[in-house]
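So you know, we letter chains A, B, ... as the sequences are listed, proteins then strands, and number each from 1. The structure presented is a predicted model; accordingly, all values stated were derived computationally and were not measured.
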Amino acid sequence: MKLITAIIKPHQVEVVRAALEEFGISGLTVSEARGYGRQKGHSEVYRGAEYTVDFVPKARIEVLVEDGEDYRIVDAIVAAARTGRIGDGKVWVTSVDEVVRVRTGERGEAAV
Amino acid sequence: MKLITAIIKPHQVEVVRAALEEFGISGLTVSEARGYGRQKGHSEVYRGAEYTVDFVPKARIEVLVEDGEDYRIVDAIVAAARTGRIGDGKVWVTSVDEVVRVRTGERGEAAV
Amino acid sequence: MKLITAIIKPHQVEVVRAALEEFGISGLTVSEARGYGRQKGHSEVYRGAEYTVDFVPKARIEVLVEDGEDYRIVDAIVAAARTGRIGDGKVWVTSVDEVVRVRTGERGEAAV
Amino acid sequence: METALDTGTTAWMLISASLVLLMTPALSLFYGGMVRTKSVLNMMMMSFGALGVVGVIYVLWGYSMSYGSTDILGVFASPFDHFALHGLLADAGGEWVINSLGYPEAVNVAFQATFAIITVALISGAIADRARFGTWLVFSALWVTLAYFPLAHMVWGGGLLSADGPIAKIATPIDFAGGTVVHINAGMAGLVLALIVGTRVGFGKVAMRPHNLPLVMLGAGLLWFGWFGFNAGSALAADGNAGLAWINTLVATSAGILGWLVTERIRSGHATSLGAASGIVAGLVAVTPAAGSISPLGAILLGLVAGGLCAVAVEWKFRLGYDDSLDVVGVHLVAGLWGTIAIGFLATGSGLFYGHGGAQLLAQVLAAAIALAFTAVITTVIGLALKYTMGWRISEEDERLGIDQIAHAESAYDISGTSGLIVGASDPSMIPVAPTPAGHPTLATTTAISTAANSTAADTPADPTREESRA
Amino acid sequence: METALDTGTTAWMLISASLVLLMTPALSLFYGGMVRTKSVLNMMMMSFGALGVVGVIYVLWGYSMSYGSTDILGVFASPFDHFALHGLLADAGGEWVINSLGYPEAVNVAFQATFAIITVALISGAIADRARFGTWLVFSALWVTLAYFPLAHMVWGGGLLSADGPIAKIATPIDFAGGTVVHINAGMAGLVLALIVGTRVGFGKVAMRPHNLPLVMLGAGLLWFGWFGFNAGSALAADGNAGLAWINTLVATSAGILGWLVTERIRSGHATSLGAASGIVAGLVAVTPAAGSISPLGAILLGLVAGGLCAVAVEWKFRLGYDDSLDVVGVHLVAGLWGTIAIGFLATGSGLFYGHGGAQLLAQVLAAAIALAFTAVITTVIGLALKYTMGWRISEEDERLGIDQIAHAESAYDISGTSGLIVGASDPSMIPVAPTPAGHPTLATTTAISTAANSTAADTPADPTREESRA
Amino acid sequence: METALDTGTTAWMLISASLVLLMTPALSLFYGGMVRTKSVLNMMMMSFGALGVVGVIYVLWGYSMSYGSTDILGVFASPFDHFALHGLLADAGGEWVINSLGYPEAVNVAFQATFAIITVALISGAIADRARFGTWLVFSALWVTLAYFPLAHMVWGGGLLSADGPIAKIATPIDFAGGTVVHINAGMAGLVLALIVGTRVGFGKVAMRPHNLPLVMLGAGLLWFGWFGFNAGSALAADGNAGLAWINTLVATSAGILGWLVTERIRSGHATSLGAASGIVAGLVAVTPAAGSISPLGAILLGLVAGGLCAVAVEWKFRLGYDDSLDVVGVHLVAGLWGTIAIGFLATGSGLFYGHGGAQLLAQVLAAAIALAFTAVITTVIGLALKYTMGWRISEEDERLGIDQIAHAESAYDISGTSGLIVGASDPSMIPVAPTPAGHPTLATTTAISTAANSTAADTPADPTREESRA
Ligand SMILES: Nc1ncnc2c1ncn2[C@@H]1O[C@H](COP(=O)(O)OP(=O)(O)O)[C@@H](O)[C@H]1O
Ligand SMILES: Nc1ncnc2c1ncn2[C@@H]1O[C@H](COP(=O)(O)OP(=O)(O)O)[C@@H](O)[C@H]1O
Ligand SMILES: Nc1ncnc2c1ncn2[C@@H]1O[C@H](COP(=O)(O)OP(=O)(O)O)[C@@H](O)[C@H]1O
């Protein structure tokens, strides 16, 4: 079992979800994050004091997939999330020892 | 060292925390997430425009545990988080190379 | 490739970011979390009903680093995040199978 | 009806009516901020529903039942005397009807209507988070008709509790601006409904803290502002009595803040903002019946005690187990009773403390008791009737999910972490439903937005498939 | 000018002016809550910008163009008659000028000014999220001068649509408080601008749900409160007619809530809080022209229909494809037309339903049609002129990011998950820019705060490097 | 005292008092939105605390010290003349006391009380996020007594700076509605307190951006609304002068918006919403002393300059290092001085620009200087006395954590990411304390809710174990 984590632009979440659906992946978890990287933030001004906000909003997607599936799915995510501009984000894969579906107690690939 | 990650229904966090306390696990980290899966979302209507909100609120729990402990603790989390209805969530386990407690610099099992 | 995850006090994020910058690490992802541990929470009172809020706000930092780099960087993070008071948090390291930069499709160390 | 128009009085009554009208939206903020995020819209909608239902009813038969000329047993007046304000606005010759106080009767209708609306809205705090919206609307219509109009008639319309009623033989009960009619009435109704509707899921077990305290404080501030119309407007004139009522409405409220804060500081170690907001309302409620007949010093005492008393009274529900969610009893009933009875001591012209004997006190106690009993009976009947017909409660599962989603199909807030961007131009969590030929709805996930008219009943609260599999 | 001062009328007009002034901030809440988090500030700023620009202009030439003595073709009056209120406040002898209704002309200017401001602000809802702020300010100045002042002159200033105009030969068109001048005017301008400015990125494809519904309801509550000044104040007296207008402003609005809620309950299965807030505005708009000439029963009917009609009309934009973002057309134009025309049926003194024939109805239709046409032409000219000079739209990329950041360099909220601590004493996401010797700005990341005067133009909206590499 | 009651004037003064009372809650929103999430409740509580303390005090000895008959050195009047309003409300015969302007003296007390409250509340902005709540309450009581009542007496009560004072030999200083008494007074006190209390942890180093700008704009809108009562009400009549003051309060404020926005657009490239809200207040403050004596054109000029000046002045604190957190100095002191002095140029009846020579200007400068010096001395004495007795600051650690939690044991918001469900029926982060026999408190984690009276002092701010181990 693999866990794919993707840090992407928030606007792309819906595109990625739709792309995954085509792969038959109909489960995923999203959360909010803020990223720091090459992409510049923006400035804000309040009563003459100016701040640079360096962290930009990102979405964090986690998808559990079967072993062997991960490369194709990473490619699908990368393709769907890409806008070609700086700040498109990162995708990474880690190995998972065990997965359980809470409702049924099913384990392993059946649990995803 | 193992890291157990659980995506569960928000209402169950307190139950899980209490269950872990019985195992002597008195540290954990929670964050907000939104899940997409078999569980249906809901519809919202604004001035005649109807939307389906497909992502449902979930809580994400992370617990670091000693090697060998993980199976029992996964079982405890699964038991505590279960409501028996679709959307109860997933629990997974990954291996951790190293853990450090920031305050003391302790490493490994002492750090948890 | 390694993934370093740090759960730290929110006030220390900026210090950690600056410390990492000195290591030439100019990318990271932060999200909000709430931690339960030795550090006590606080009480709140609403119209005579008193509650104990046991989860304290934490920040969750994720940094992808090259293999071999991880120990030095963990040390840097720990040093930067430390205030010496209970609740300073945990840092842990997991192995990553693959990393992709979404914008370019670059993989592995080039992607970080 | 031959009095000349006094434009100054008219101006004051027009603005007072406007101020009291504002109190209902203000109450919706005060209440709305106190519930959890998942039910703020429903909480506010109970006030806005009362604005819709009672506004229309008041003009149709409310004024007539309260102040019509055909008195029925001293309990109410005929709804047909002035149905739809017949004969009240202009006389046969087309001239505006001016009442004996020098302002148009139309303006009086305006002023009185706003009291009926806010009284109904006040009750809603007792049954937060769990009541079917349709049942609430029907309750509003029934209760205002069967409990509010009669009590207004009894106290202010020449009925049983007025100067023309039997208690007046002891002393005329004083209710300047609504201690009995508004606060005891709503407070008691809240208690009855809380008991009939039952406790929220998790009451006394899980945390139910206010989700937005600045909203609560905004509501309290606007309530105070509007209450100057409520109390000083109840002088029904722009004169010294209005001035006195204004000052008392200031200082009793200031003292209410101090009373509550000191009490909770002593008992729990903290002076809270919710306490300050609550102290404002406690002081305002207590001074309502008394504003025109006590001195500013009396008002300070009245407010201090009101703040302290209510700060303690809001804890009772946890001990006794009734879920009066937002303390309609602990604040409105308790402070309403206190203010009504305190008049017996503090009224400068008839109170015990000013050496006038106990007659006024007795009259106040009797009036309060009759109001209590009357409302308790009426509300019980209406409450139980609705329980066994429409039903009061949404399902436990729906209550857990949050009544806003279930009853109103809305989320109150969509404010992302910091910048609002994560639920931005293409919100990950919100996929518009496909547009479909009218009558052929579908839930297919596409990129266009359907207009609601195309949707099916499948999305209504009772939808049994909501937790079912999509697969 | 020799009338004696009536302090009661003056008091009522002073407070009415204050109430109407409040409506523009209230509108900014109503509109602001309806947009997405990333553009709430810009939405509010369009109202505050109108407050700035129109407030000044009204005093300079607005009153004069509306009510000056030199009529020009029945369309407007000379801006020079009373430029900067010359001669209006005090007469040659230094005495305050009192108008024939018994209140100072200064107070009349105050009251009228507030109408001009809110009318301009109303339009902004049609072009939410995407318009350049500078262009909006210039539009405000031009439109109020070329569209609002003339229409106010035509209807209220003795012009074409007044009792002195040609239509009055059929029947004098009735516009008590601004059905044509305010709502048809703003609604039509909104439609034209929505078409000229074009649809938002993702319109009809991605979800654009309100980010803060309690804010919308607060706005609606304050609008209703202020509207009592708008309508009952338009009696220009504290009298029975003001009382009637007040009551109608209550019941038509209550009925508007019910009308909208019932309609959407039937069509989509839910009664929403946005529906209640919208029903309030629909009812208020519809009763605006009619408040002084219909009965309370008529007002109930008027409001019910207005609520139902607008609940349907807000869906048209999705079918027809114009992005009238916050339904200026669906609410203000539709209810404004309905209210204006319904007078032909419901006016107790001249309406069809009261057996007075169709003259009033015809006059109303003609007045509405002329107002529509006039505004459409003027707004098209101004809108297109600005499109090809200053430009209306921010860039697509900026729109996606959020106009607040781009146009105003601010974020509306910084409310972290639960406790606000994560963006606390040392906010991780916000690194102050280094202080620099004046004139030598830098973006180096250090720990001190720069004053904005030191910053460069590099941070302005047009900054081409914003998505560029830091490395 | 034999004047007849003028109901129109009375109506206007009653509503003006209500409007000014509303300004303090409005200020709490304006200020509350500007601080960080973790201290919004404390910020608002400083205003609500002033409402509690000053409301009571004003009635007890405030009015008497300001307007009592026994003048003491031209600096204040005896607190015993009318202690608790003795003799002010009704005369010996029980008749309401009507003042020479035709309205009840009670209404005058009401109106004046609201000014004292808001002036104290204004100061709190200078010491946001860090002051002990108890010290603030005591400061409020002392400062209003020793600084506000005397200055009100000096300027408006026949004292040193009035028409009866020595400066009047040059020219009578003009302070229509409180340029010296309210704004210079509060602004200078803010500066002194900011210096005595010291800078916030991280001042000038870490980001301290407003957490809720719509709240700030709501506050600004309500302040403007209330300010019509403040300024036009200060005519103490419903007449042409009130009308002029109203218009000037409109246009100076509109111009204040424009002045601020243009200035910041030029200096930093952006026109911000905080700038618009601030420009409103700057314009309002500047026109306060001048509203009744300048022309609308003069008011436009006054407001434009006020907006521009304050937009620059708010930056001084970063350069000079005093932490006037919400710019009480930069806005109230600067605009208050500007407005007071500008009268010397702009007053149509006595200003330099109208050819009347420099006497008025000199009088204005002298009055401003005396007010400044007086307040500086008094505030320094009170501020230092409190510093060395009760202490002003919460601990640095508590300030970092957030004063709301520490001082009020509350969190302002509990609005989860999108739907509010994650802190829903069973909030993961909030475990109710166990109920315990009274007097035997425990912190054991169970499922019932304790009433606060059972809790121990162990949870108070000074709790030394808060960061200690639970194990
Ligand atoms: N080393 C890293 N570890 C974790 N997250 C990273 C790292 N580098 C970048 N990121 C995440 O990826 C996002 C995009 O990175 P950025 O450098 O801005 O653009 P790009 O990936 O297009 O070069 C960042 O906002 C951050 O959230
Ligand atoms: N493949 C997956 N990867 C990551 N998270 C998943 C995956 N599938 C489901 N989830 C998470 O688990 C939650 C529950 O899954 P769901 O399919 O709705 O119900 P169940 O687990 O009971 O079958 C989802 O809301 C989502 O957060
Ligand atoms: N076993 C664990 N698994 C995951 N996170 C933990 C664990 N123990 C502690 N944490 C996280 O670390 C934070 C600090 O832990 P705590 O026990 O309070 O202090 P310290 O690390 O200084 O001993 C907690 O708030 C929680 O977020």
Side-chain angles (χ1 to χ4, degrees), chain A residues 1-8 10-34 57-67 69-70 73 77 80 92-112, chain B residues 1-9 12-13 15-16 19 29-41 51-62 65 67-68 70-97:
Chain A
M1 303 290 299
K2 299 288 182 185
L3 172 67
I4 303 174
T5 305
I7 308 291
I8 63 171
H11 304 133
Q12 301 307 111
V13 170
E14 187 41 36
V15 186
V16 168
R17 195 200 55 71
L20 288 176
E21 196 100 48
E22 295 191 3
F23 269 78
I25 309 265
S26 62
L28 53 88
T29 304
V30 187
S31 50
E32 297 188 6
R34 288 188 282 173
K58 297 289 169 196
R60 188 175 188 283
I61 296 184
E62 286 169 305
V63 201
L64 292 163
V65 299
E66 297 171 29
D67 286 316
E69 284 282 293
D70 52 326
I73 294 177
I77 294 177
W92 66 82
V93 182
T94 52
S95 299
V96 172
D97 300 357
E98 180 63 289
V99 179
V100 187
R101 163 172 289 140
V102 173
R103 174 168 47 99
T104 57
E106 287 163 286
R107 289 177 183 259
E109 317 229 314
V112 178
Chain B
M1 302 292 297
K2 299 287 181 184
L3 171 69
I4 303 174
T5 304
I7 307 293
I8 63 171
K9 292 189 171 166
Q12 302 306 111
V13 170
V15 186
V16 168
T29 303
V30 188
S31 51
E32 297 187 6
R34 286 189 282 173
Y36 180 81
R38 285 192 185 75
Q39 184 189 355
K40 259 182 67 182
Y51 306 99
T52 334
V53 180
D54 277 332
F55 285 84
V56 288
K58 298 288 169 196
R60 186 175 189 283
I61 296 183
E62 287 170 305
V65 299
D67 286 316
D70 51 326
Y71 280 84
R72 283 169 56 227
I73 295 178
V74 165
D75 288 346
I77 294 177
V78 167
R82 182 176 298 156
T83 68
R85 313 188 83 167
I86 284 177
D88 274 352
K90 314 280 176 211
V91 178
W92 67 82
V93 182
T94 51
S95 298
V96 171
D97 300 357

Is the backbone N or O of A:Val99 less than 3.5 Å from a side-chain atom of B:Lys90, with the two atoms forming a donor-acceptor pair by type? no
Less than 4.5 Å apart, any side-chain heavy atom of A:Arg101 and any of B:Arg38? yes
Looking at side-chain heavy atoms only, is the closest gap between A:Val63 and B:Tyr36 below 4.5 Å? no
Minimal heavy-atom distance between B:Ala33 and A:Thr29, with the atoms involved, is CB-CG2, 3.7 Å
Heavy-atom pair with the smallest gap, counting every atom of A:Arg103 and B:Arg82: O-NE, 3.2 Å
Got a second to check how far A:Ser26's OG is from B:Asp54's CG, nearest 0.5 Å? 11.5 Å
Please report the C-alpha distance between B:Arg60 and A:Arg60 in whole Å, then the side-chain angles of each, then the deciding distance to 0.1 Å, and finally whether the side chain to side chain contact (heavy atoms under 4.5 Å, CB included) criterion is met. CA-CA 12 Å; B:Arg60 186 175 189 283; A:Arg60 188 175 188 283; 3.4 Å; yes
Using the side chain to side chain donor-acceptor pair (under 3.5 Å) criterion, which residues pair with B:Asp75? Sequence neighbours excluded. A:Arg107
Winner by heavy-atom pair count (cut-off under 4.5 Å) against chain A, out of B:Thr94, B:Asp70, B:Val56, B:Thr5: B:Thr94
Non-hydrogen atoms of chain A under 4.5 Å away: do they reach the side chain of B:Val74, the backbone, both or neither? side chain
Would you please name every residue forming a salt bridge (charged side-chain N to carboxylate O under 4.0 Å, His left out) with A:Glu69, sequence neighbours left out? A:Arg72
Answer with side chain, backbone, both or neither: which region of A:Glu62 has an atom nearer than 4.5 Å to a non-hydrogen atom of chain B? side chain
Candidates A:Val100, A:Leu3, A:Asp97 - the one meeting side-chain contact (heavy atoms from CB on, under 4.5 Å) with B:Trp92: A:Leu3
